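Before any comments, here is the structure.
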Amino acid sequence: MFAAVIAILWVLLCIGFAYQILRSQKDPDLLLFWLLFFALVPPVAAIVYCLAGINYRRPCVRERLHSRSKSLFSRQISPELAKRCFSDEPLDCVEESYRPLAKLLRSCGEGNKVYRDNSFEIITTGLRKRELLLEDIRSARKYIHIEYFRFGNDKAGREVRDLLYRKAAEGVEVRFVNNNMIGRNIPRSYFRAMGKNGIEVRPYTHIRYGWRTWLMRINCQNHRKIVVIDGKVAYTGGMNLNDNYFYKWRDTHLRIEGPVIARLQASFIDTWMSCGGVLNHPLPYYFDIPEATSQNPFCGKLLQVVTDAAENPWPATQLAFEWILQNAREYVYIQTPYFVPPISFLNALKGAALRGVDVRVMLPKKVDTPLVGPANRAVYEECLEAGVRIYERDGAFTHSKTLVADDTICVIGASNLDMRSFLLNNEVNTFVYDRETAVSCKRIFQDDIGQVQELHLLEWKENYPWYQALASSFMRMFYRLL
């Protein structure tokens, strides 16, 4: 009798699990993956699915995560302030051939607006970011908002932390969203000490936010890199904050002034509120955004800051990158440390090359995670066969995440070319619609070519060992989980 009850419960559990997969998964490949996984090892598949497979792109999830910030913004942002900080520029200010892209991004999220009259500097070395960031922190008078995927307990991290201590002692509000799942190797005492020294620290993942949010954030991490200081200056891009980014690796980042800072500020406050944080002043205090100065290398530019999250209705960055590849006329140059793209992106990449577009992808030769190397190389052969030019950069690990196309548009951000960045993690990317900036990003890419080795199809086939090829093929089965 007991065995029969257990069998019936097991059958009901299997039916319920299969129903959940069939109902929630929209991607046929992903649907088949999970059903096959569950058929082979049901208990393991059930656990992994709960941690890494649930589809969160549902209105009820968005409402739950963003209810506090939406309520706050609706109550405290006046029509005048909304017009000044969040008005959407008409799309005729965008170069005509790229207006559909700007419209696409705007449709993917109500905050993905186009802002004109911004100035910025493109940062390509950690030492330059260190110099600028520390100087801006020293100049802070009202508040410092920080959101990093990685914040190190090392020379770089402690240098910034100690300076934040001094600013907090001066009365500056310092808020820090800590991606605690990634920083598990850092002792809790490190962050408790930050709290005791006046820095408000909120962990991104915690059971006290509710078990459903906790379960979601175990898998859907906060991969954004944002700093906003007094509403005057903001930083975003690929650089985290530890010794690797300040002193060792090659990466790309932005220091921004101008109206688009309001978008980064709103993104930070939304995340802060979703982590149970509070603000000391009404919202208008944090949206006193001054005009951009003319001291930056690039001035008067058109920017669109785009945020992605697992609960958003559409994967904005993936759709945008695929659109660029499908509509490029001359070239698309991409830098990324992790190259584990979904099939639709891979087809767009190969399709662009096949129709004669100069498509180039630059990756690091040596990666920072053992599993990433075989995964990166799993699609090299088919890309080379289609005419995509692939470069591996030797020397310092390249963590840069950039795209530039047709001397018209460039993207500098946090997203890798993988399923996790496109579909799961919180990401932020800056789209710049400007010829001068695109030409500069193209020149940066070409300068980096001096330190790379280009791969050629025949040599790749002959020299890539069979056991490494087998490892790459094996890792490709787990693209959905990397």
Side-chain angles (χ1 to χ4, degrees), residues 29 149 223 237-238 249-252 308 315 317-322 324-326 328 331-354 357-405 411-425 427 429 441 445 448-449 451-457 460-461 464 468-482:
D29 293 337
F149 181 64
H223 196 242
W249 291 356
R250 161 73 179 89
D251 211 332
T252 306
D308 274 309
T317 302
Q318 178 185 345
L319 294 176
F321 280 15
E322 290 173 6
I324 292 171
L325 286 165
Q326 291 160 359
Y331 73 88
V332 180
Y333 295 167
I334 298 171
Q335 286 183 313
T336 181
Y338 311 118
F339 188 52
V340 193
I343 295 299
S344 57
F345 179 93
L346 190 60
N347 287 337
L349 190 79
K350 294 186 293 185
L354 287 168
V357 177
D358 180 11
V359 181
R360 308 186 187 192
V361 181
M362 187 181 298
L363 302 109
K365 187 171 185 178
K366 295 181 180 179
V367 294
D368 63 329
T369 305
L371 296 179
V372 171
N376 275 356
R377 298 184 178 98
V379 295
Y380 278 12
E381 185 172 328
E382 60 185 285
C383 287
L384 292 170
E385 287 175 339
V388 177
R389 300 179 69 178
I390 296 178
Y391 302 90
E392 286 190 332
R393 191 177 190 273
D394 209 351
F397 176 65
T398 177
H399 191 258
S400 182
K401 301 107 182 294
T402 64
L403 180 151
V404 57
V411 186
I412 298 172
S415 289
N416 301 307
L417 297 187
D418 59 20
M419 303 289 292
R420 183 159 294 280
S421 280
F422 283 160
L423 301 178
L424 296 174
N425 287 343
E427 303 283 0
N429 298 281
C441 286
F445 185 96
D448 281 339
I449 286 180
Q451 304 175 58
V452 305
Q453 174 186 0
E454 183 172 1
L455 306 181
H456 300 281
L457 180 60
W460 177 255
K461 286 182 175 181
Y464 194 44
Q468 292 186 17
L470 182 62
S472 292
S473 298
F474 179 78
M475 291 306 303
R476 192 169 183 179
M477 294 193 301
F478 297 94
Y479 265 23
R480 304 287 181 175
L481 303 179
L482 293 176

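Note that the coordinates shown come from a computational prediction; the quantities given were computed from them, not determined experimentally.
- The salt bridge (Lys or Arg N to Asp or Glu O under 4.0 Å) test applied to Glu392 returns Arg377, not counting sequence neighbours.
- One distance of note links NZ of Lys350 with CD1 of Ile343; it measures 7.0 Å at 0.5 Å rounding.
- Residues that satisfy the salt bridge (Lys or Arg N to Asp or Glu O under 4.0 Å) test with Lys366, not counting sequence neighbours, are absent from this structure.
- Across Arg360 and Ile449, no two heavy atoms sit closer than the pair NH1-CD1, 3.6 Å.
- Classification of the Tyr380-Trp460 ring pair by plane angle, with boundaries at 30° and 60°, yields tilted.
- When all heavy atoms are compared, the tightest approach of Ala348 to Leu325 is O-CB, 3.8 Å.
- Summarising the geometry of Asp251 relative to His399, their closest heavy-atom pair is OD2-ND1, 2.7 Å, with the distance given to 0.1 Å.
- Gln318 and Ser344 form a side-chain donor-acceptor contact under 3.5 Å, judged by distance and modelled atom types alone.
- Atom CD1 of Ile390 and atom CD of Glu381 lie 10.5 Å apart (nearest 0.5 Å).
- Contact of the Leu424 side chain with the Met419 side chain is not registered, since no non-hydrogen atoms from C-beta on lie closer than 4.5 Å.
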How far apart are the C-alpha atoms of Lys461 and Glu385, what are their side-chain angles, what is the distance that settles it, and do they pass the side-chain contact (heavy atoms from CB on, under 4.5 Å) test?
CA-CA 11 Å; Lys461 286 182 175 181; Glu385 287 175 339; 3.6 Å; yes
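- In plain terms, the two heavy atoms of Pro337 and Asn416 that are nearest each other are CG-OD1, 3.4 Å.
- Side-chain atoms of Tyr333 and Asp358, non-hydrogen and from C-beta on, do get closer than 4.5 Å to each other.
- Side-chain N or O atoms of Lys401 include none that pairs as donor or acceptor with a backbone N or O of Gly413 at under 3.5 Å.
- Looking only at side-chain heavy atoms (C-beta outward), Cys441 and Ile412 come within less than 4.5 Å of each other.
- Between Ala353 and Ala386 the shortest heavy-atom distance is CB-O, 3.4 Å.
- Of the possible donor and acceptor atoms, one in the side chain of Asn429 sits under 3.5 Å from a partner among the backbone N and O of Ser415.
- Rounded to the nearest 0.5 Å, atoms CG (Asp308) and OG (Ser421) are 9.0 Å apart.
- The distance from atom OG1 of Thr252 to atom CZ of Phe445, rounded to the nearest 0.5 Å, is 11.0 Å.
- Two residues are said to be in side-chain contact when any heavy atoms from C-beta on lie closer than 4.5 Å; Ile334 and Leu349 meet this criterion.
- To the nearest 0.5 angstrom, Phe339 atom CZ is 11.0 Å from Asp418 atom CG.
- Counting heavy atoms from C-beta outward, Phe321 and Leu417 have side chains that approach closer than 4.5 Å.
- Judged by distance alone, with hydrogens and angles left aside, the side-chain atoms of Asn425 form no donor-acceptor pair with the main-chain N or O of His223 at under 3.5 Å.
- For the atom pair Leu363 CG and Gln335 CD, the distance stands at 9.5 Å (nearest 0.5 Å).
- Listed here is the closest heavy atom pair of Thr336 and Pro364: O-CD, 3.5 Å.
- Between Phe397 and Trp249, the two ring planes are perpendicular [angle over 60°; tilted spans 30° to 60°].
- Contact check for Asp448 versus Thr398: no side-chain heavy atoms found under the 4.5 Å cut-off.
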